[in-house]
Amino acid sequence: MEEERIDFKTAIRVLVLTGCRRGELLGLHWSDVDFEQSLISFKENLLYTPETGIYLDTTKTDSSTRVIKVSQMVINDLRKYKVWQMERQLVMGDRWTDTGFVFTNFETGKPLNPDSFSKKFIDFIKAHQDDLPYVSVHSMRHTNATLMISSHVAITTVAARLGHANTATTAKIYAHAIKSADEAAAETLEDLLNPNDSTNTA
């Protein structure tokens, strides 16, 4: 990943570390990023159809419109990337359109085609198939959710960060991860209560 261009690298990190949807990522504007408070607001969804082309829409549901806290690493990545993007704008001159989008075509400044972004991701995975499992862009969202659940983040928090309408949706989609986290918690409690129990092989 370190060898990839900074725009793609930053986009993937934001996907993994926020759990946002592809359209939400590509619909981000710089005005949605609060660098001082380490917050990202997901307000819009960038979509594509052959008939309409690339267009902005509202988020998937009312609950999908959300503001989430992000790590300092995400903020640092976005700061570095923003500087790079501004340098690209200077290099491209009149060919660059200042759209305000965070992730853009690196030659024109225009919003990215969501399908082209997915293809780029698939090409990246194929190029590193000896080291990486075959996954899709949407898998980054599931990875984020699973990691939160396995780290015992409250299901209400997981649902809110993912933009789910209610915890029931989250619980249904990630039932297996919740079950695994529950089993791990039970084993941890057993270790605490019976630290010398030789029958406990966990």
Side-chain angles (χ1 to χ4, degrees), residues 1 7-49 54-78 81 101-103 111-115 117-122 124-125 132-185:
M1 179 61 76
D7 51 348
F8 179 72
K9 181 168 56 178
T10 304
I12 297 304
R13 285 181 172 174
V14 173
L15 271 175
V16 174
L17 295 173
T18 66
C20 66
R21 301 174 178 90
R22 179 188 67 174
E24 294 172 342
L25 174 83
L26 300 182
L28 281 176
H29 288 77
W30 284 115
S31 57
D32 298 323
V33 181
D34 185 333
F35 287 99
E36 297 304 317
Q37 300 298 320
S38 299
L39 299 171
I40 294 181
S41 300
F42 293 104
K43 303 174 183 176
E44 296 176 298
N45 206 15
L46 191 75
L47 304 171
Y48 169 81
T49 64
I54 300 170
Y55 66 99
L56 269 177
D57 198 358
T58 56
T59 51
K60 191 174 181 182
T61 63
D62 289 342
S63 58
S64 295
T65 300
R66 62 202 185 280
V67 179
I68 68 169
K69 189 82 171 180
V70 294
S71 68
Q72 192 58 47
M73 184 175 77
V74 172
I75 293 299
N76 290 342
D77 283 346
L78 286 169
Y81 165 58
F101 281 99
V102 174
F103 298 105
L112 289 171
N113 182 317
D115 291 344
F117 178 77
S118 291
K119 183 179 184 304
K120 165 67 176 172
F121 181 79
I122 291 171
F124 167 76
I125 293 297
L132 297 172
Y134 185 81
V135 292
S136 65
V137 169
H138 196 67
S139 297
M140 301 298 98
R141 180 171 166 83
H142 294 316
T143 298
N144 175 272
T146 301
L147 288 173
M148 283 194 287
I149 292 167
S150 65
S151 298
H152 309 294
V153 174
I155 194 69
T156 51
T157 301
V158 176
R161 288 183 66 87
L162 294 176
H164 286 162
N166 51 62
T167 56
T169 300
T170 312
K172 181 178 180 181
I173 295 173
Y174 300 104
H176 176 72
I178 293 170
K179 183 175 183 292
S180 297
D182 185 56
E183 290 172 350

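Values in this document were obtained by computation on a predicted structure and should not be read as measured data.
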Nearest 0.5 Å, what's the [atom1]-[atom2] distance between [X] and [Y]?
X    : Y    : atom1 : atom2 : value
S64  : E24  : OG    : CD    : 5.5 Å
R66  : L39  : CZ    : CG    : 13.0 Å
K120 : N113 : NZ    : CG    : 15.0 Å
S41  : D34  : OG    : CG    : 7.5 Å
M140 : L17  : CE    : CG    : 11.0 Å
Y81  : W30  : OH    : CH2   : 6.0 Å

Only one of F103, F42, F101 passes ring-ring contact (aromatic ring centres under 6.0 Å, His included) with H29, and that residue is F101
For a quick test of reading the model, state the closest non-hydrogen atom pair linking [X] to [Y] and the distance between them.
X    : Y    : answer
L15  : C20  : CD2-O, 3.5 Å
T10  : L78  : CG2-CD2, 3.9 Å
I173 : H142 : CG2-CE1, 4.3 Å
Q72  : S38  : OE1-OG, 3.9 Å

L47 meets the side chain to side chain contact (heavy atoms under 4.5 Å, CB included) criterion, sequence neighbours left out, with N45, Y55, D57
Could you check whether T146 and T143, counting side-chain N and O atoms only, form a donor-acceptor pair closer than 3.5 Å? no
What donor-acceptor contacts under 3.5 angstrom involve side-chain atoms of residues 153-166, with partners at least two apart or in another chain?
from	atom 1	to	atom 2	distance (Å)
R161	NH1	K69	O	2.9
R161	NH2	K69	O	3.0
H164	ND1	T170	OG1	2.6
H164	NE2	R141	NH2	3.4
N166	OD1	A168	N	3.1
N166	OD1	T169	N	3.0
N166	OD1	T169	OG1	3.2

Check the pair L56 / L46 against side-chain contact (heavy atoms from CB on, under 4.5 Å), numbers first and verdict last.
-> CA-CA 5 Å; L56 269 177; L46 191 75; 3.8 Å; yes
In L112, L25, L28, V14, the residue satisfying side chain to side chain contact (heavy atoms under 4.5 Å, CB included) with V102 is L28
